[in-house]
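Presented below is the structure to which this report refers.
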Amino acid sequence: MRKQLDRWLGPLAFVLVALDVWLGLWITPPDQVQGDYVRLVYVHPAVAWVALYVAFGMAGLCSVLYLWPRTRSLAFDYAAAAAVEVGVVFTILTCITGAIWGRPTWGVWWTWDARLTSTALLAVMFLGYLALRRVPAEPHVRARRCAVMALVAAVDVPIVHFSVNWWNTLHQGATVLNANLSPRIHGSMAWTLLLSFIAFTLLFVWMVIARYRLEVLRHSGENKDLDRALSERRAEGAEA
Amino acid sequence: MFRDAALVAGRDLRIELRSRVVLWQVLPFSVLALLLFAFAFGPSQARLVQSAPGLFWLALLFSTVLFAQRSRALEGSPATREAARLLGLDPAGVFLGKTVALFLELVVLEVLLVVGLLLLFHVVVVSWLVLIAACLLAALGLASASVLYGALSGEARIRSTLLPVLLLPILAPVLIAGVRSFQAAIKDGAGLSGRWLGVLAVFSVVYTGLGIALYGPLEEN
Amino acid sequence: MFRDAALVAGRDLRIELRSRVVLWQVLPFSVLALLLFAFAFGPSQARLVQSAPGLFWLALLFSTVLFAQRSRALEGSPATREAARLLGLDPAGVFLGKTVALFLELVVLEVLLVVGLLLLFHVVVVSWLVLIAACLLAALGLASASVLYGALSGEARIRSTLLPVLLLPILAPVLIAGVRSFQAAIKDGAGLSGRWLGVLAVFSVVYTGLGIALYGPLEEN
Amino acid sequence: MVSAISLQSAVAVAGRFPVLAGVDLNLEEGTVCAVLGANGAGKTSLLRLLAGLTALERGAGTVLGADLTKNTSGLRANVGLMGHGVGLYEELLPRENLAFMIKAARLDPSGIPEALDRVGIRGRIAATPVGQLSAGQQRRVVLASLVARRPRLWLLDEPHASLDAQARDLVGSVLEEAAAGGATVVATSHEPDIVIPLADVVVTMAGGVVTERYAGGRMGLSDVS
Amino acid sequence: MVSAISLQSAVAVAGRFPVLAGVDLNLEEGTVCAVLGANGAGKTSLLRLLAGLTALERGAGTVLGADLTKNTSGLRANVGLMGHGVGLYEELLPRENLAFMIKAARLDPSGIPEALDRVGIRGRIAATPVGQLSAGQQRRVVLASLVARRPRLWLLDEPHASLDAQARDLVGSVLEEAAAGGATVVATSHEPDIVIPLADVVVTMAGGVVTERYAGGRMGLSDVS
Ligand code: HEM
Ligand SMILES: Nc1ncnc2c1ncn2[C@@H]1O[C@H](COP(=O)(O)OP(=O)(O)OP(=O)(O)O)[C@@H](O)[C@H]1O
Ligand SMILES: Nc1ncnc2c1ncn2[C@@H]1O[C@H](COP(=O)(O)OP(=O)(O)OP(=O)(O)O)[C@@H](O)[C@H]1O
Ligand SMILES: [Mg+2]
Ligand SMILES: [Mg+2]
């Protein structure tokens, strides 16, 4: 079962993404207002969804599991790290696809809209997490620090979200994301949209698993290394 | 827990009083930050008054980073930190003690900054209550977040650059809510300010709670 | 002198490459500072664009403080510093070497910030020449002043709070001249910019000169 | 006798390097154990493991009844460590440093002046912040903190380094007293002539393991195996 | 013989405290001098004065021909100091640390591998950043830096501390070599048994002054007065 999953997950994710792109680019109709740029709707929201909710949610959850004494295991630390790493990629992709979309629709690459701003903050928090991981420390020390950081950041996300929303809407109305898609949505568009969410989530899962595997592999390599290092260490004493 | 908190707060404040680093270095920095912001955005008087709340909270935020550095530096070298870990102090108590000491220092800073604001930027405060509530809530939130993150960020040589990156994004809600509360306090939008004071309150409660819960595992090692 | 400078610059850059502190901690801080300024003064788009030069130079200035901290931290513990003083290096060479290393790092930062500015604040640059000249001159001035003041500010525990207070007021001219040059570069007031570029040039020449002359007596003890 | 320390194939890792490569060590309560060994043998690493400051990577170990594979915060409160570095607050006076430690351990601070006096920290020196004292004076203050705290396990990393002749004698009598009071003492050293006479058990380390064990000169509670 | 060190009533101050209260000391070039004395006697302060790291407050002094009341930067380049603390860059490898020092002194860096090998820093240890080495290994690296640099004046503050038996012997032979090569050596210690046999001159300090001076066991170039 697991092997099957392993074998099929990656290809499946890619096939779905390819299908999504194909449907998005060639099958669905262009929008009356936005023209062909609307096709980004099959990429951008899904990518954003993964970055914001799936990645950070997973990182937060794994961190709690690590900190909880009964479930404390470096596996959760690796999983959290994998989620954040892939999450950073998706967050940056969100910003890039958003910016590409913003250029024709708003005329600018970036604006200080609530959502964009909170996404940027999130990206910086993710980056901070990765910076913290790079500080040399014992595995469990690092795991503890990183878990606390991820948890604190995860708790901060809703606060940031609300405050940024209020921050912006107080001064000016929701000028940006008022393009309500639902009335104009075409049947094939709705399906493609749904597909995009599934496809990118699967892509995320696949990437996280790969990153996690790599980490575990490195660690098991470490274990083998440890055995060799142990005998080398003992030999140090013998030669002295 | 509270006994340990009192002990730790006493230690921090005593070292602080003896070294006077906060008095001579951190407080001047804050005033300086205010002035620099004025340089960068001045000299139009109208724009300055308009940006006064932003200036105040930015200065407070950047000063908080220094306070956080200092609060951690008080704990001394790695050897000293290790010795302290061998004392069997309750981590929650340590967290609370450090937070209380930092809170007191931040309140002093806020008083100074408010005075600076009134004198330098000719701001007229309408609702003192909102202003004071915002300051106290923010001080608590900033203090607890700083102590928690100070413990995250390792040794001195790394900390002086790592801590700002970790701490500042977390503090963004305080910045936003603080600016808004101040705008309300200045324009007497007391009705409006409630929501923003709420953000500040949630922030400080959440971080104090997280600190009490998580400081143990963090300092474990 | 130049041999020693090359040696010292090599040491600083090597430790930096090994520890990657600048890459992971200082550069993100700069981007973050930009974001926070936007919070404090936004979200009105017009006001943001207007303040873009101020934001850029403030972010650069505050980042410079971190760079200065880091540059000094590279020199290690008091014992390490003392050992280095027993090597008979030419102080002017040490100063130059550290300044060069810091200059290179600051240029990388400036490139990053300019890109951020273009993308985030929709700034349109008219005179690239002025912008580049301002950036290079400022980087030299900031680097030399930082190295000089880093040597003034003593030990790590004190330095993390003392250095900002010492350094920032000194850098105020760079802030003002930089903001003005940028405004000129954006609006193509090339005629105007000459004077401000002159200020930057004078600043960097003066501090480099002062550093070469005074680093000896400073490090003497 | 009650076992104070019991390590079975204990492995500890720093970075990725196995600083301890399978240590076996059993000590009963009230024993004074001297640890000898070349530079890099793992003596400091052993003390840090026993203090609960580094994790046990493999193997098993209990110290003062606490399992090293579990949370060691309970253990740490019973341990006094005198390491290579001086773990004192440089701005505070010797007395204030000790007061902080003693109060943290919920002990009576009235013994502090006596402890300081005993290690020769008095007069002007007692009124100088610790950071300005000489190397040996700082180590004397650390010694005083152990005397005042009376931990159940004393871990001393080269206790004699930086101390003058008089203070070296003092270390001997302080250790004797501690062991007589039931405390367990583990002390590393590069001066066998000084520590072997003080020890019940002498252990030598090399390459991260214990290589030899024999009886020392104290013979108070020897448990040579 | 040429005078290497000559202090007359030298006074040095730290904070406001006179750490040296009128030191008289004359040493000829090529002498090995051991400095003994209780904790706080002023041994470290004396070495720092001789290195040109602290100012001469009163009195007169020349070291290697440099007047201590004037600028001492010329002097400092000729001095090698092994202090209580280890003055190495923690991120850099032993080899890189030495290369920096040697190049700064405009010497040939080709002797570095040999110097490191001599103090036993080889293999894995040579490939570890200095910050991760054990206390004794770090001090060995410092010793190697002195060996490679061959300064004209060696100032050693408790050179034997943290070093194991083998490295202690090494210190002896290194000092002997340095003195034979014309360098002057001043070494403090709390282990008279070890240093007196190495020294031409033994000096004891107390209360910031030199109280006694007698001949040591080396008797190479004794100038007992
Ligand atoms: C740099 C620019 C942008 C960033 C960082 C960004 C970020 C985000 C994020 C984080 C979400 C997920 C929100 C959620 O699920 O709660 C999102 C959703 C979405 N974005 Fe963007 N976005 C950008 C530009 C744009 C542009 C230019 C458009 C179109 C005009 C756009 C249209 C949408 C739509 C339609 C959704 C999904 C529907 C929704 O949840 O409301 N975005 N974006
Ligand atoms: N900054 C200072 N302020 C006050 N007193 C100081 C200061 N620095 C050193 N002292 C005092 O000067 C005296 C001499 O110190 P020094 O370090 O020279 O002693 P030492 O002989 O090296 O001792 P040790 O054997 O312990 O290393 C000590 O009593 C110390 O307390
Ligand atoms: N973080 C690390 N990374 C790699 N190696 C390390 C690290 N920490 C310690 N070591 C190595 O572990 C070994 C044991 O160190 P330890 O400090 O325990 O030795 P020691 O017996 O106390 O030596 P000394 O007598 O010099 O104090 C040393 O060889 C050291 O280089
Ligand atoms: Mg050791
Ligand atoms: Mg000394």
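Computed from heavy atoms alone, side chains included, the values below leave out hydrogens, waters and symmetry copies. In the text below, chain A, chain B and the rest are named by the order of the sequence lines, each starting its count at 1. Note that the coordinates shown come from a computational prediction; the quantities given were computed from them, not determined experimentally.
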Exercise answer: donor-acceptor pairs, residues 34-51 of chain D side-chain atoms, under 3.5 Å, sequence neighbours excluded:
| from | atom 1 | to | atom 2 | distance (Å) |
| --- | --- | --- | --- | --- |
| D/Asn39 | OD1 | E/Arg140 | NE | 2.9 |
| D/Asn39 | OD1 | E/Arg140 | NH2 | 3.3 |
| D/Asn39 | OD1 | E/Asp164 | N | 3.3 |
| D/Asn39 | ND2 | D/His190 | NE2 | 3.4 |
| D/Asn39 | ND2 | E/Ser162 | O | 2.7 |
| D/Lys43 | NZ | D/Gly37 | O | 3.1 |
| D/Lys43 | NZ | D/Ala38 | O | 2.9 |
| D/Thr44 | OG1 | D/His84 | NE2 | 3.0 |
| D/Thr44 | OG1 | D/Asp157 | OD2 | 2.7 |
| D/Arg48 | NH1 | B/Glu82 | OE1 | 2.7 |
| D/Arg48 | NH1 | B/Glu82 | OE2 | 2.6 |
| D/Arg48 | NH2 | B/Glu82 | OE2 | 3.2 |

Strictly distance-based, threshold 3.5 Å: is any side-chain N or O of A/Arg234 a donor or acceptor partner for the main-chain N or O of D/Val209? no
Might you point out which heavy atoms bring A/Leu230 and D/Leu20 nearest each other, and give the distance in Å? CD2-O, 4.1 Å
To the closest 0.5 Å, what do you measure between CZ (D/Phe17) and CG (A/Asp225)? 13.0 Å
In the structure I gave you, are the side-chain heavy atoms of D/Arg16 and A/Leu226 within less than 4.5 Å of one another anywhere? no
Can you tell me how far the CZ atom of A/Arg72 sits from the CG atom of D/Asn71, to the nearest 0.5 Å? 8.0 Å
Give, as side chain, backbone, both or neither, the part of D/Val13 having an atom under 4.5 angstrom from any heavy atom of chain A. both
For atom CZ of D/Arg150, is the number of surrounding heavy atoms from other residues, nucleotides or ligands below 6.0 Å larger than 12? no
A/Asp227: what forms a salt bridge (Lys or Arg N to Asp or Glu O under 4.0 Å) with it, not counting sequence neighbours? D/Arg58
